[in-house]
Amino acid sequence: MTPLIEVRDLRFQYEDGTQALDGINFTLHAGETVALFGANGSGKTTFVLQLNGILQGQGSVTVCGLPVTKDNLATVRSKIGMVFQDSDEQLFMPTVLEDVAFGPLNQGLTSQQAIEKAIAALKQARMEHAANKAPYHLSAGEKRKVALAGVLAMDPEILVLDEPTTFLDPPAQRNLVHLLSELPQAKLIVTHNTRFAGALAQRAVFFERGKLVADGTVQEIVQRFDWTYSALAPEDLRYLAQRRL
Amino acid sequence: MHHVLVDQWSQGSSPLHARDPRAKLLVLVTFLVALATTAGNAFPTLAVDAALLAAGALIAGLPLGRLLLRAMAILPFSVTFGIISWLAGEHLRAIALVEKSYLSTVAVLLLVGTTPLPRLLSGLEALGTPRLLVLLAQFLYRYLFVISEQAQHLRLAAACREGSSGAHRHGKFRAAAGALAVLFARSYYRAEGIHQAMLARAFTGRFSPLNPLRFGPADGFFTAVIGAMLILARIQ
Amino acid sequence: MHIPDNFLSTPVWAALDAVSIPAVGLMVRRASRELEDTRIPLLGVMGAFVFAAQMINFPVGPGTSGHLVGGALLACTLGPAPAVLVMTTIIAIQAFVFQDGGVLALGANVFNMAVAGVVAGYWPFQVWGATRRRAAIFMGGFLSVMVSGSLALAELLISGVAMPRVLVFTSLGLFAVNALIEGAITISVVQALEKLNPGFVQKPESSNGRVLAVLGSSGVLLGVAGFLLASTAPDGIQRLGRNLGLTSKAAFATPLADYSVGYFQSGWLRKATAGLAGLLLIYGLCAAGARMIARRRSA
Ligand SMILES: Nc1ncnc2c1ncn2[C@@H]1O[C@H](COP(=O)(O)OP(=O)(O)OP(=O)(O)O)[C@@H](O)[C@H]1O
Ligand SMILES: [Mg+2]
C-alpha cells in the first residue's frame, strides 16, 4: 500500500537565507495519527506548508502517490485538509457558512451543493448553530472548530493541524480531542501539548533545527526529550534549590 | 466597539431586513436625493420623510431611541456649520443643514441596521460596483476588528513603557512611528497567512459567490411604493 | 475631512460623483493589471491597518496629538493605484458603517481624499523619490492632506456654505498644521518600516509612467488652486459659484428644477420630471461607468 504522505530528503531555505528544513524524511500511512513535536522555530510550520505546495523546496514530496508539483496542486490541496495555527487567518469570509463553503466552491461544486457540504461539515464539528454568525463573534474554541469544518467540507484524506490547542481552555481541548478521534482521516498534528498528542496519536516525530531527529511512540519521544510543560529540568531544579539557600 | 451594535441590529429578521439590498439601496438614494433637493422650510415634505424613517425603524424592530441617539454623532459638525450660517444671516440654510443632515444620517443607519454588510456589498456589486472594490471592502471589514485589537495592544504596551516622565516628545513620536511600523508589518504578514490559508483550500484566483441575490416581487413593490411616496412628498 | 450629505449643493456633489466613478474605475483597471487576485487580502488588511492606525496617537504639542491619515504612506508602500482603491474603500465603509461622511457626498470625499489626496501624495515620491527621498516622502504626506483639505473647503464654499473669512483662514491653517504632522508621521513610519523590511517600501523608479506624473501634478495643481481660491478670495469663490448656478439657494430649492426644460407648463409635472430625470441620470451614470469598467476589465 502506498503511504499517504512520503517525504524524501526535503530541504528548504527562506529568502533571507534561513535554512528552515534540512534533509527531512517522513512517511505517513493510512489511518495513522502522528504528533509532530519540536522547539519554536525548529521548522514544523515550514514543513507542513510543504505538504500542500504552499512552500516548495528541494527533495520530493508525494501525497497519495501524487508528486506535489504545479500540475497536481489542485488535487493535492483537496486531499490534505490543513488547519492553521491562527484561526483568524483561516476564517476570512464574512460569515461562517460562507467560509466553510469556500473550499467546496473552489472544488467546483455549485452553490447549492457547497451549502449542503458546508452544513454537513458544520454538523460534524458541532457548529451548525453558528452558520450565519460572523467569524469575529466566535470564541477561540468555536473558531478552531469552524476552521476544522471548513477543511472537512472538502472531504480530505489527510488532516494536518498546526498547533490546534493554542488559545483553547482545557474543556475546549478535550472537546477537540473527542471531535478529532471520531474522524477517520489520517492526521498529522503539530503541537506542544503532549497530553493532547498522547490522547490522539500513537506515533510521534521530533524536529530540531530543521532536521527530523527522532521517530517513535509519543511516550518515548516525550521522555527522551523531556518534552513536558510543567516539570523543570533537573538542572533547573538544582539551580533553584541553591538560590533559595 | 460601538459599531458592533449596528451589526447586531442587521442580524434581525423583519420585512425590512428581508428586502433585497438593491431595493434598499435604491430607496436610500431616492430618499437622499429627494431630501437633498428639498427646501429647508418645506416642513410637510420633511415630516413625511421623518415619518417614513420612523415607520421603517419600527417595522424593522430597531430601538428607535438608540437609533436617534447614534445619528446625533453628526450634530457637532452640522450644528457648527449651522451656527456659522445663522450668524451669516442665512437662517433657513442653518436650519436646513442641521435637520437634513440628521435625517440623512438616520436613513443610512436604517439601511445598515437592517442589512448585514456582506449583503450590502453583494447589492452594491449587483448595482455595478467593481468586484475588486467589493472584495477589498469584505476583507477590510473582516480584519478591522482583528487589527484594531492589535493596535490597542501596541498602544497599551507603549503606554506601559512610557512611564511617568512626560518629557521627550521627539522620542515618543519615534516610538509611535515604530509601533505603527510594527502594526503595518503584522498586517502584512497576516495577509500572507490569509493568502496561504486560501491556497490551502484550493483557491484558484476566483471567488465564487454563495448566495445569489433575488429581487422578488415584494422587493419591486417596496421600491416602487416607497420611492413613489418619497417623490410625491418631494414635489408637493 | 468627511463632508456629510446636504452640505454640498446638488450640482457639486453630482458632478464629483460623476468624476470619481470613472477615476476609481480607471484605478481598478490599473490595479487589476498590476496585481493578481492574490493581493486582494493584502489590500483589504491594509485598509484595516489604516483604520486601526488612528488609535495610535502621535504627540505633537502640549496636550495635542495627531494620527496617521494614510494616503501617502499607502501610495509609497502598495503603489498609487492600489492605494487609491484602499482609500476609496475606507471612505465608503466610513460613510455606510460609521455614518462618517455622506453617501451622496461619497464622490466628493473619494475625489478629495482617495483620488486627489493619494495621487498628490505619491507625486513627489515619484519625481524626487530617488534623489531626495526623505524630503519627497515628507512632502507627499503634507500634500496629500493639504490637497484634500483645500478641495473640501473649496467645494463647501462653491456650494454656498456661508463661511466668514476668518473661518476660512483658520481652517486652512489647521489643514496646514495637520498636513505637516502627516508629513512627519509618514516619513518616520517609512523609515521605521525600512528598518523592519526594506521590501515594504516601493522603488520610486519602478512606478508607472507619465500618466501618473500628469495626474499627480494636476492633483497638486487642483489642490493649490483650491487653496489659493479659498484663501485669497472666499467671497470670490462664492460669487463664482453663484454665477455658475452651482450655489444652492438659501432655501435649498432644487437646482435641477431651475434648469428644467421650459416647455412644461404645469409646475408639478415640470418638477416631477426634473426630479426623476435627475435620479435616473445619476444612477445611469453610475451604472454605465461601472459597466464600462467591468467590461474593459474582463476584456
Ligand atoms: N517567512 C519567513 N522568512 C524567513 N524566515 C522564516 C520565515 N518563516 C519562518 N522563518 C524561520 O524559519 C524557521 C522555522 O520556522 P517555523 O515557523 O517553521 O517554526 P515552527 O517550528 O513552526 O515554530 P513555532 O513552534 O514557533 O510555531 C525559524 O527560524 C523562523 O525564524
Ligand atoms: Mg509554527
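A, B, ... follow the sequence lines: proteins, then strands. Residue 1 opens every chain.
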(message) Rounded at 0.5 Å granularity, tell me how far CZ in A/Arg77 sits from OG1 in B/Thr204.
(response) 10.5 Å

(message) To the closest 0.5 Å, what do you measure between CZ (A/Phe92) and CZ (B/Arg190)?
(response)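 Answer for the CZ-CZ pair, A/Phe92 versus B/Arg190, is 13.5 Å.
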
(message) Please classify the contact between B/Gln196 and chain A as side chain, backbone, both or neither, with a heavy-atom cut-off of under 4.5 Å.
(response) both

(request) Go through the atoms of B/Gln11 and report whether side chain, backbone, both or neither lie under 4.5 Å from a heavy atom of chain A. (result) side chain

Should the heavy atoms of other residues, nucleotides or ligands under 6.0 Å from [atom1] of [X] be counted, would the total exceed 12?
X        : atom1 : answer
B/Arg174 : CZ    : no
A/Phe167 : CZ    : no
B/Arg66  : CZ    : no
B/Tyr102 : OH    : yes

(message) I need the contact set between residues 98-112 of chain A and chain B: heavy-atom distance under 4.5 Å, sorted by residue number.
(response)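 If one takes a 4.5 Å heavy-atom cut-off, the residues of residues 98-112 of chain A near chain B are A/Glu98, A/Asp99, A/Val100, A/Ala101, A/Phe102, A/Gly103, A/Leu105, A/Asn106, A/Ser111.
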
Identify which part of [X] has an atom lying under 4.5 Å from any heavy atom of chain B, answering side chain, backbone, both or neither.
X       : answer
A/Leu91 : both
A/Phe84 : side chain
A/Asp86 : side chain

(message) Tell me if a side-chain donor or acceptor on B/Arg201 pairs with a main-chain N or O of A/Gln90 at a distance below 3.5 Å.
(response)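 Here the side-chain-to-backbone pair exists.
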
(message) To check you understand the geometry: which heavy-atom pair defines the closest contact between B/Ala197 and A/Glu89, and what is its length?
(response) CB-O, 3.7 Å

